[in-house]
Amino acid sequence: MTTTIVFLHAHPDDEAIFTGGTMALLAAAGCRVVLVTATKGEEGTPRFPLPAGESIADRREAETHAAAELLAVDAVRFLGFRDSGVAGSDAQDHPLAFGACDVEDAADRLAAICREEGADVLVHYDPGGIYAHADHLQVHRIGALAAARAGIATTYEATVDHEYLHFVDVHLVEGANRSLESRKSIGLPTAMISTTVDCRAVLETKWRAMAAHASQIPDADPMVPPEQFADVYGWEWFVRHGPPGPIDALPS
Ligand SMILES: [Zn+2]
């Protein structure tokens with residue numbers, strides 16, 4: 001029987017940056033991969049002017065579908081919330097702001113999607129949200145609650161290895177939002193990580209999926225020279241809860 005894995009992410013491009021290699025490897029291993037994105041990244045600033053009539057949400061939705069296709073994702077769902085933006089912005093007060101949404105209601109929505117998709121496994125974020133963006137913190141809370149409600153025994157929290165300095169020093173954390181403070185609080189210590197995935201076999205696919213988010217990420221990541229891309233993005237990290245699942249079976 002095919003194993004179905006649902007990934008919950010906060011914004012378009014998070015799936016490619018943090019779990020793109022794992023998604024591609026799972027699909028290649030015969031799993032059914034479903035991407036649920038909580039928001040459409042409405043607060044992202046496009047790198048170029050969009051055509052008249054096209055909103056940033058439209059653009060980022062299309063980019064999400066393009067990235068998902070590259071990663072061989074079987075289904076893309078949006079949870080229907082709005083990007084909360086950076087701390088202190090007006091976006092945090094929007095009635096649909098994900099970071100301030102009702103956790104119970106959002107968990108019910110996600111649990112319903114998990115049931116519809118026949119989810120065996122759910123992937124969300126570590127308790128620190130990988131880093132402390134309001135929407136990322138919410139992914140952890142809602143993911144954990146939805147898994148319990150949908151009766152999903154195996155969950156993985158996506159994270160980064162805080163001690164893997166290649167990643168912490170240079171990786172892209174939503175561009176302008178990056179600050180020294182957020183770098184310090186990114187990810188988890190090595191000792192807390194249960195599962196490391198070696199994504200180097202699908203690195204070009206991951207690069208293309210990141211580059212599909214062209215409104216946000218120029219040529220995948222201009223801060224990382226091509227020869228260093230594998231050093232920075234070649235591994236993905238998770239904390240598993242419950243019995244071993246399909247991510248444990250991937251190359252490590
Ligand atoms: Zn994000």
Side-chain angles (χ1 to χ4, degrees), residues 6-23 35-47 56-57 59-68 71 73 76-89 91-92 94 96-101 103 106 110 122-144 156-160 162 167-168 170-179 181-188 206 209-218 220-221 223-224 232-233 236-238:
V6 171
F7 285 75
L8 175 64
H9 280 284
H11 310 110
D13 77 16
D14 289 324
E15 83 294 340
I17 294 170
F18 296 113
T19 65
T22 300
M23 292 169 125
L35 169 63
V36 180
T37 304
T39 77
K40 293 183 180 172
E42 291 85 349
E43 292 299 306
T45 305
R47 295 173 44 245
I56 184 68
R59 173 61 64 117
R60 298 196 73 182
E61 181 175 350
E63 289 174 347
T64 302
H65 283 286
L71 297 171
V73 167
V76 177
R77 311 278 299 257
F78 287 91
L79 208 52
F81 292 98
R82 196 178 181 286
D83 189 343
S84 305
V86 294
S89 80
Q92 304 214 324
H94 191 284
L96 290 176
F98 184 55
C101 76
V103 172
L110 178 60
L122 177 68
V123 181
H124 60 108
Y125 293 168
D126 73 47
I130 309 179
Y131 64 97
H133 187 292
D135 294 336
H136 283 232
L137 294 166
Q138 202 72 313
V139 164
H140 171 76
R141 299 182 194 111
I142 288 161
Y156 294 89
E157 297 170 2
T159 188
V160 303
H162 181 81
F167 195 91
V168 176
V170 296
H171 109 296
L172 178 147
V173 178
E174 292 176 339
N177 295 359
R178 183 163 66 176
S179 67
E181 207 45 50
S182 71
R183 282 197 211 190
K184 268 188 254 168
S185 61
I186 189 169
L188 292 171
K206 179 171 176 173
M210 287 172 64
H213 294 281
S215 75
Q216 308 296 313
I217 308 180
D221 188 343
M223 287 180 278
V224 179
V232 180
Y233 291 107
E236 292 171 358
W237 299 274
F238 301 89

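One-based numbering, in listed order, for ligands and for the atoms of each. Just so it is clear, the values below take in all heavy atoms, side chains as well, and ignore hydrogens, waters and symmetry mates. On a predicted model such as this, the values are computed, not experimentally measured, just so you know.
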Charged N to carboxylate O under 4.0 angstrom, Glu61 versus Lys40?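 Looking at Glu61 and Lys40, the cut-off is met.
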Among His213, Gln216, Glu42, which one satisfies side chain to side chain contact (heavy atoms under 4.5 Å, CB included) with Pro12? His213
The Zn ion (ligand 1) is nearest to which N, O or S atom of His11?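 Of all N, O or S atoms belonging to His11, ND1 is the one nearest the Zn ion (ligand 1).
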Measuring from the Zn ion (ligand 1), name the closest N, O or S atom belonging to Asp14.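 In Asp14, the heteroatom (N, O or S) nearest the Zn ion (ligand 1) is OD2.
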Side chains of Ser215 and Glu63: is there a donor and an acceptor less than 3.5 Å apart? yes
Please say which of Tyr125, Phe98, Phe81 ends up in a ring-ring contact (aromatic ring centres under 6.0 Å, His included) with His9. Tyr125
Would you say His9 reaches the Zn ion (ligand 1) with an N/O/S atom under 2.8 Å? no
